Amino acid sequence: MPKYIFVTGGVLSSVGKGITVASIGTILKSRGVTVAVQKLDPYLNVDPGTMSPYQHGEVFVTKDGAETDLDLGNYERFIDIECTQDSNTTSGQIYSTLITRERRGDFLGGTIQIVPHLTDEIKSRFKKLAEKSGAEVILIEVGGTVGDIEGQPFLEAIRQMRNDVGKNNVLYIHVTFLPYLNSTQELKTKPTQHSVNELRRIGIQPDIIACRSDYPIAENLRDKVSLFCDVEKKAVIPLVTVKSIYEIPLVLEEYGVGQLIIDKLGITAKTTDLKHWRELVERIKTPHEPVRIALVGKYVELNDAYYSVREALYHAALFNNRSLDLFWVHSEDLDKCGDPDSLLRTAQGIIVPGGFGIRGIEGMVKAAKYARENKIPYFGLCLGLHIMVIELARQVFKSDEPNSTEFVPETKYPVIDYMLEQKKLQTKGGNMRLGNYPCHLAKGSLAYKAYKQTDILERHRHRLEFNDKYHDELQKAGMVFSGICPDNNLVEICEMKNHPWMLGCQFHPEFLSRPQRPHPLFREFIGVAKDVLREGAQPPLPLAAK
Ligand code: GLN
């Protein structure tokens with residue numbers, strides 16, 4: 001019988017619930033306990049694939065091609081697992097499954113209701129993940145904040161689980177926030193008390209309360225939360241804001257959360273082994289010389305839109321004994337700025353990540369041209385590959401016309417075009433080229449040097465591809481097509497000859513990076529970028545690091 005841990009959030013969104021869940025997974029895994037994770041998202045979209053990054057942040061793609069919440073990225077990075085489509089459940093999925101069944105006649109004669117039909121459907125997702133994964137502990141994060149209208153069916157479903165599988169097999173963790181009042185200079189617990197009251201009204205009594213705060217939490221406040229929320233003091237866990245998210249498993253361990261969970265759920269576990277994690281945090285805390293990278297994108301106002309890219313750069317910098325000095329360049333600003341040197345002068349490397357739609361494209365092309373001509377390391381992810389191809393084609397054909405048919409459908413030089421199967425599609429949801437596809441690497445290429453093997457699997461999310469009609473002309477101009485999908489000959493990786501490191505990939509390597517195991521392409525990109533000398537890029541080392 002698997003054990004279930006349900007994590008809810010109170011008071012505010014963005015208190016770090018996802019990181020807490022990922023960190024709980026880390027500390028359980030460190031005790032030899034197997035875990036599977038699921039995120040419940042209350043919105044009515046079937047998945048976030050059709051939402052703007054401004055609405056939702058990054059769309060995280062699983063190996064089996066599900067477009068999911070960015071929290072899954074943190075689960076994968078922290079616990080070092082690969083999630084599947086069973087790890088993300090949305091209200092949209094639950095309702096559409098139920099209504100399809102109703103139309104099929106599954107409920108003939110019956111009235112379909114939130115309880116029990118919708119809640120049964122939600123619970124079936126928990127049980128499906130438990131069966132398929134075979135994990136000992138199923139960790140479920142309820143998205144949103146307790147009190148949200150959309151979240152009610154999820155809370156009712158997790159309440160019912162206690163009776164379904166027995167109260168010894170279920171644990172409720174509530175993550176809240178303690179606001180700081182400047183005038184009285186104190187942290188307040190009242191919003192936490194109200195949030196727990198709201199949970200109790202539904203019938204859920206939390207077993208553990210994690211209190212996020214930007215200030216140290218005094219013992220008397222733990223006492224207060226313990227008394228008013230009816231949770232033993234050792235189960236009131238202070239989560240004071242730390243510099244790096246990767247410190248959180250150690251913070252939880254320090255307060256004995258691992259042992260608390262083991263005891264409460266009656267799990268047999270080994271003693272904790274967080275040695276590797278401690279080493280990681282030690283390295284993060286050691287001051288390093290910076291490596292300065294420009295991220296040229298169109299959604300830079302919302303850093304979450306590039307969450308995994310930022311993490312992957314961070315892991316790669318750490319591997320290369322550098323601290324990541326990432327600066328965000330809006331591609332529309334780059335388009336308007338005249339000389340790109342004014343915005344990119346200090347960049348030791350330039351990264352152009354994924355994106356959709358024509359806005360900001362010309363600024364990205366300018367960045368690719370700048371990188372190619374000035375021999376600055378360039379890394380293009382999906383759209384970043386398209387940009388690199390468009391830029392070179394414009395030089396080859398001595399024309400501004402080469403483009404992607406995504407942006408200019410009638411272009412004279414469609415160097416990037418819709419894949420054949422995409423041209424036939426009438427609908428939008430969940431039908432890009434998604435998830436894992438194989439790629440074969442050419443020996444002697446930059447890509448092969450990074451991966452040190454010829455056959456790789458990477459995750460995808462795109463509709464367009466390199467148009468092979470232009471293969472020979474671009475090759476003559478120095479482009480190397482170093483990664484090809486053996487299934488259909490689609491170009492997966494392009495590189496530039498006579499350049500220290502200019503590479504674009506059709507897939508999203510950022511999803512596979514781990515803090516202790518950076519992705520090979522990110523590792524190489526930063527490895528080359530770190531030695532590039534740029535004016536103003538390398539401030540003197542802080543004393544402690546010398
Ligand atoms: N818009 C491009 C496509 O659909 C690139 C997608 C991406 O960057 N993920 O192919």
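When reading the values below, keep in mind they use all heavy atoms of this one structure, side chains included, and skip hydrogens, waters and symmetry mates. This structure is a prediction, so every number in the text was calculated from the model and none was measured. Whatever order the structure lists ligands and atoms in, that order sets their numbers, starting from 1.
- At a threshold of 4.0 Å, the pair Arg359-Glu332 counts as salt-bridged, since one of the basic side-chain nitrogens sits closer than that to a carboxylate oxygen.
- Between Met432 and ligand 1, no N or O atom pair is found at a separation short of 3.5 Å.
- Distances between N or O atoms of His462 and those of ligand 1 include no value under 3.5 Å.
- Given atom 7 (C) of ligand 1, the protein heavy atom at minimum distance is Cys382 SG, 3.0 Å.
- Distances below 4.0 Å separate heavy atoms of Gly354 from the following atoms of ligand 1: 8 (O).
- Residues Pro53 and Leu302 come closest through the heavy atom pair O-CD2, 3.0 Å.
- Near Gly355, meaning under 4.0 Å from one of its heavy atoms, ligand 1 places the atoms 1 (N), 2 (C), 5 (C), 6 (C), 7 (C), 8 (O).
- Using modelled atom types and a 3.5 Å distance limit, the side chains of Glu401 and Thr411 yield no donor-acceptor pair.
- Where the criterion is an N or O separation shorter than 3.5 Å, residue side chain and backbone included, Arg461 meets it with respect to ligand 1.
- Heavy atoms only, all atoms of each residue included: Ala447 and Glu495 are closest at N-OE2, 2.9 Å.
- The ring of Tyr299 has its center no closer than 6.0 angstrom to the ring center of Trp328.
- Residue-ligand proximity, His508 to ligand 1, at heavy-atom distances under 4.0 Å covers atoms 9 (N).
- Using a 4.0 Å cut-off between charged nitrogen and carboxylate oxygen, Glu121 and Lys128 do not count as a salt-bridge pair.
- Taking only non-hydrogen atoms, the option from Ile387, Val61, Leu464 nearest to atom 10 (O) of ligand 1 is Leu464.
- Considering backbone and side-chain N/O of Glu406, one or more are found under 3.5 Å from N/O of ligand 1.
- Each of Glu465, Arg461, His386 was evaluated against Gln506; a single residue qualifies, His386, per the side chain to side chain donor-acceptor pair (under 3.5 Å) test.
- The nearest protein atom to atom 4 (O) of ligand 1, hydrogens excluded, is given as Arg463 N, 3.0 Å; this is a heavy-atom distance.
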